[in-house]
Amino acid sequence: MELNDLQAQRLTKLERLRAKGINPFPARSNRTHTIAAALTAFETLAATGELVTLAGRIIGARRVMGKLAFTHIADDQGSIQLWLSRGEIGDELFTHFRDDLDTFDIVQVSGSLRRTQKGEISLFVKHLHVLTKALNPPPEKWEGLKDVEGRLRQRYLDLLVNEERRDIFRLRAKALIAMRRFLDERDFVEVETPILQPLYGGAAARPFTTHHNQLHQDLYLRIATELYLKRLIVGGFSGVYEIGKDFRNEGVDRSHNTEFTMMECYQAYADYRDMMLLTEQMVRFIAQEATGSTVVTYQDQAIDFGPDWARISLVEALKEATGLDVLALPDLATLWEATLAAGLKKVERKTTWAKQVDELFSTFIVPNLIQPTFVLDYPVELSPLAKRKAEDPQLTERFEVYVGGMELANAFSELNDPLDQEQRFLEQGRALAAGDDEAHQMDADYLNALMYGMPPTGGLGIGFDRLVMILTNQPTIREVILFPHLRAREEG
RNA sequence: GGGCCGGUAGCUCAGUGGUAGAGCAUCGGACUUUUAAUCCGUUGGUCGUAGGUUCGAUCCCUACCCGGCUCACCA
């Protein structure tokens with residue numbers, strides 16, 4: 001290990017501790033209070049003058065004035081000032097504090113709680129010993145650690161120095177618990193399905209591929225849990241859910257991470273209208289539990305999950321925004337001609353009709369969907385796993401939820417007709433052969449499951465990271481993922 | 001993948017074709033009520049990497065690496 005000057009100085013101090021017979025990394029600590037608990041109980045503790053033992057990391061500067069010294073220590077939930085007097089603790093301990101310890105070292109301190117003359121609650125130290133010597137120095141005192149790459153590559157330091165970062169992940173944990181509780185209370189069973197899959201499906205995405213050596217079998221990291229969860233509905237469960245990582249071999253941007261956390265749930269004897277109610281209630285509940293309110297601020301806009309969410313039809317919204325009736329323009333060529341004829345700028349030409357419709361939707365509708373909005377009834381070509389609408393077989397019983405201009409959820413009445421499903425897979429297979437590397441694979445075992453009969457079922461997927469982005473007002477997904485994917489850095 | 005911007009001390013950042021700068025931190029000294037302590041002094045650099053141009057490159061050029069923004073991709 002090559003050390004810079006500051007690290008070398010700290011190592012020298014560490015060796016000095018050892019030379020004095022002091023273990024710089026002792027196994028045991030025995031605090032009587034967390035810092036937060038000590039502060040809460042201050043009046044009582046100060047009145048009795050009892051000995052309080054705290055443990056924490058030295059943060060900020062050590063202000064040493066010859067015969068008196070101040071510093072602050074912090075643990076997870078609080079910080080407190082230490083007051084050290086050479087006269088009180090003696091030359092040896094005072095010098096030990098001054099010469100052997102550094103900012104970021106972790107110490108155990110005992111003493112009594114009082115206020116200083118300036119009024120700050122402080123621990124008047126009688127005993128002090130090191131619990132952990134820190135060899136790396138802290139970043140700058142006031143600017144802190146700002147460099148994005150530095151923060152993400154050393155998330156531990158980011159969390160340590162930028163305290164509010166820990167709040168994001170505490171809130172994330174609360175939201176996760178709330179999501180589970182909401183589903184558990186409605187008798188959904190939490191399950192775990194394979195991450196390594198011989199076939200991938202359930203979404204339009206390119207997968208990661210890996211290999212099982214012993215079995216000589218290629219495997220895919222799942223891009224969705226959908227097809228396994230619906231097998232469980234066939235298997236007799238009336239409701240199941242899974243919260244876990246999906247993996248998609250695609251680009252990374254502010255709302256996409258290579259691996260991300262998805263909640264999918266399926267409910268027998270429900271349809272997509274039931275799932276709309278479930279979605280509204282779930283997100284409302286999570287927002288309330290995690291933030292204390294159903295109104296959150298996202299990028300300077302108040303977003304209210306409280307009232308019934310707006311519902312718009314995809315086809316109608318496109319008609320309003322662009323004047324195009326995509327259902328009356330049922331192939332790529334005529335749709336593209338009409339797009340040009342309508343003088344619509346900023347629209348790219350796509351390779352399939354379905355993708356062209358999606359391009360129009362992404363360009364003209366999505367950016368304006370700030371408040372939570374259900375977008376209903378997607379063309380069947382875009383939705384190979386969703387049931388057709390009885391009154392219009394070109395469309396499916398499907399919705400997506402958009403919030404803050406971002407897709408948050410996707411749901412449909414699940415296609416349970418194995419013959420129709422087979423045709424959809426075949427159509428996807430033709431797209432795959434034609435070069436659409438995100439098209440679905442044929443899943444014969446899934447069709448076999450459907451042939452035993454899957455009850456009418458509603459399914460829902462929610463991008464959990466994106467929900468946390470909204471709840472914590474974070475502009476990028478990597479700020480709500482502890483260790484987002486970064487390119488490997490070559491060692492110099 | 002394209003465009004634009006960036007990478008200089010532990011951290012936050014200036015800067016110049018001619019010996020590399022500041023603040024904070026560190027280190028040494030003074031100091032018994034500090035809290036961005038103060039005062040005096042001090043250390044610290046493959047200037048992202050590799051080539052090229054040049055008498056001389058951290059600076060100019062080229063390629064590459066890493067990151068940011070953005071577009072594309074990603075329902």
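Throughout, a chain's letter reflects where its sequence line sits, starting with A, and its residues are numbered from 1.
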Could you state the atom-to-atom distance from [atom1] of [X] to [atom2] of [N] in whole Å?
| X | N | atom1 | atom2 | value |
| --- | --- | --- | --- | --- |
| L408(A) | rC74(B) | CG | C1' | 17 Å |
| K146(A) | rC24(B) | NZ | C1' | 13 Å |
| D5(A) | rU42(B) | CG | P | 17 Å |
| F364(A) | rA75(B) | CZ | C1' | 17 Å |
| H485(A) | rC74(B) | NE2 | C1' | 15 Å |
| L3(A) | rA9(B) | CG | P | 18 Å |
| R151(A) | rC11(B) | CZ | C1' | 14 Å |
| Q81(A) | rU35(B) | CD | P | 10 Å |

Heavy-atom donor-acceptor pair, R63(A) side-chain to rA36(B) base, under 3.5 Å: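 No, the side chain and the base share no sub-3.5 Å donor-acceptor pair.
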
Between [M] and [N], how far apart are the [atom1] atoms? Round to whole Å, please.
| N | M | atom1 | answer |
| --- | --- | --- | --- |
| rU32(B) | rU42(B) | P | 25 Å |
| rG7(B) | rA75(B) | P | 36 Å |
| rG29(B) | rU43(B) | P | 16 Å |
| rU58(B) | rG52(B) | P | 13 Å |
| rG68(B) | rU54(B) | C1' | 33 Å |
| rU19(B) | rC5(B) | C1' | 31 Å |
| rG51(B) | rG28(B) | P | 40 Å |
| rG48(B) | rG10(B) | P | 13 Å |

Distance check: side-chain N/O of [X] vs OP1/OP2 of [N], anything under 4.0 Å?
| X | N | answer |
| --- | --- | --- |
| R487(A) | rC65(B) | no |
| R248(A) | rC74(B) | no |
| K141(A) | rA36(B) | no |
| R153(A) | rG67(B) | yes |
| K355(A) | rC74(B) | yes |
| K67(A) | rA30(B) | no |

Does one side chain, of [X] or [Y], offer a donor that lies under 3.5 Å from an acceptor on the other?
| X | Y | answer |
| --- | --- | --- |
| T396(A) | R388(A) | no |
| E242(A) | T193(A) | yes |
| Y378(A) | E400(A) | yes |
| Q7(A) | N136(A) | yes |

Minimum-distance nucleotide to [X] side chain [options: [options]]:
| X | options | result |
| --- | --- | --- |
| P139(A) | rU35(B), rC27(B), rC11(B) | rC11(B) |
| A203(A) | rG68(B), rA25(B), rA75(B) | rA75(B) |
| L6(A) | rA75(B), rG10(B), rA37(B) | rG10(B) |
| E438(A) | rC74(B), rU12(B), rG10(B) | rC74(B) |
| L145(A) | rA75(B), rC11(B), rA37(B) | rC11(B) |
| E140(A) | rC13(B), rG23(B), rA75(B) | rG23(B) |
| E400(A) | rA75(B), rU12(B), rA36(B) | rA75(B) |

Determine the contact category for [X]: base if any of its heavy atoms lies under 4.0 Å from a base atom, sugar-phosphate if only primed atoms, P, OP1 or OP2 are that close, otherwise nothing.
| X | answer |
| --- | --- |
| G150(A) | nothing |
| A61(A) | sugar-phosphate |
| V357(A) | nothing |
| E407(A) | sugar-phosphate |
| R478(A) | sugar-phosphate |

So, the side chain of [X] versus the backbone of [Y]: is there a donor-acceptor pair under 3.5 Å, distance only?
| X | Y | result |
| --- | --- | --- |
| E259(A) | P484(A) | no |
| S413(A) | Y272(A) | yes |
| R62(A) | F97(A) | yes |

Dot-bracket notation for RNA chain B, counting Watson-Crick and G-U pairs under 3.5 Å, with | for partners on another strand: (((((((..((((....[..))))..((((.......))))......(((((..]....))))))))))))....

Given RNA chain B, 5'-ward residue of the pair D147(A) and R86(A), judged by closest heavy atom: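 Final value for this comparison: D147(A).
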
Comparing D99(A) and L68(A) on RNA chain B - which has the more 5′ nearest nucleotide: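 By nearest-heavy-atom nucleotide position, the 5'-most residue is D99(A).
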
For E120(A), the option from H72(A), R115(A), R114(A) that meets side-chain hydrogen bond (donor to acceptor under 3.5 Å, both in side chains):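 Only match with E120(A) under side-chain hydrogen bond (donor to acceptor under 3.5 Å, both in side chains): H72(A).
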
All ring-ring contact (aromatic ring centres under 6.0 Å, His included) counterparts of Y220(A), not counting sequence neighbours: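 Scan of Y220(A) (ring-ring contact (aromatic ring centres under 6.0 Å, His included), adjacent residues dropped) gives Y200(A).
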
Pairs flagged by salt bridge (Lys or Arg N to Asp or Glu O under 4.0 Å) wherever residues 121-135 of chain A is involved - sequence neighbours left out: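 Salt bridge (Lys or Arg N to Asp or Glu O under 4.0 Å) check on residues 121-135 of chain A returns D102(A)-K133(A), D105(A)-K133(A).
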
D76(A)/R166(A) salt bridge by N-O under 4.0 Å criterion: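 A salt bridge is present here (some side-chain N lies under 4.0 Å from a carboxylate O).
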
Residues in contact with RNA chain B, drawn from residues 253-264 of chain A - heavy-atom cutoff 4.0 Å: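 Of all residues in residues 253-264 of chain A, the ones placing a heavy atom under 4.0 Å from RNA chain B are D253(A), R254(A), H256(A).
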
Qualifying ring pair (Phe, Tyr, Trp, His ring centres under 6.0 Å) pairs with a residue from residues 393-416 of chain A, counting only residues at least two apart or across chains: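 Residue pairs passing ring pair (Phe, Tyr, Trp, His ring centres under 6.0 Å), neighbours aside: F361(A)-Y402(A), F374(A)-F399(A).
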
Sequence neighbours excluded - ring pair (Phe, Tyr, Trp, His ring centres under 6.0 Å) pairs with any residue from residues 102-130 of chain A: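 Matches after skipping sequence neighbours: W83(A)-F124(A).
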
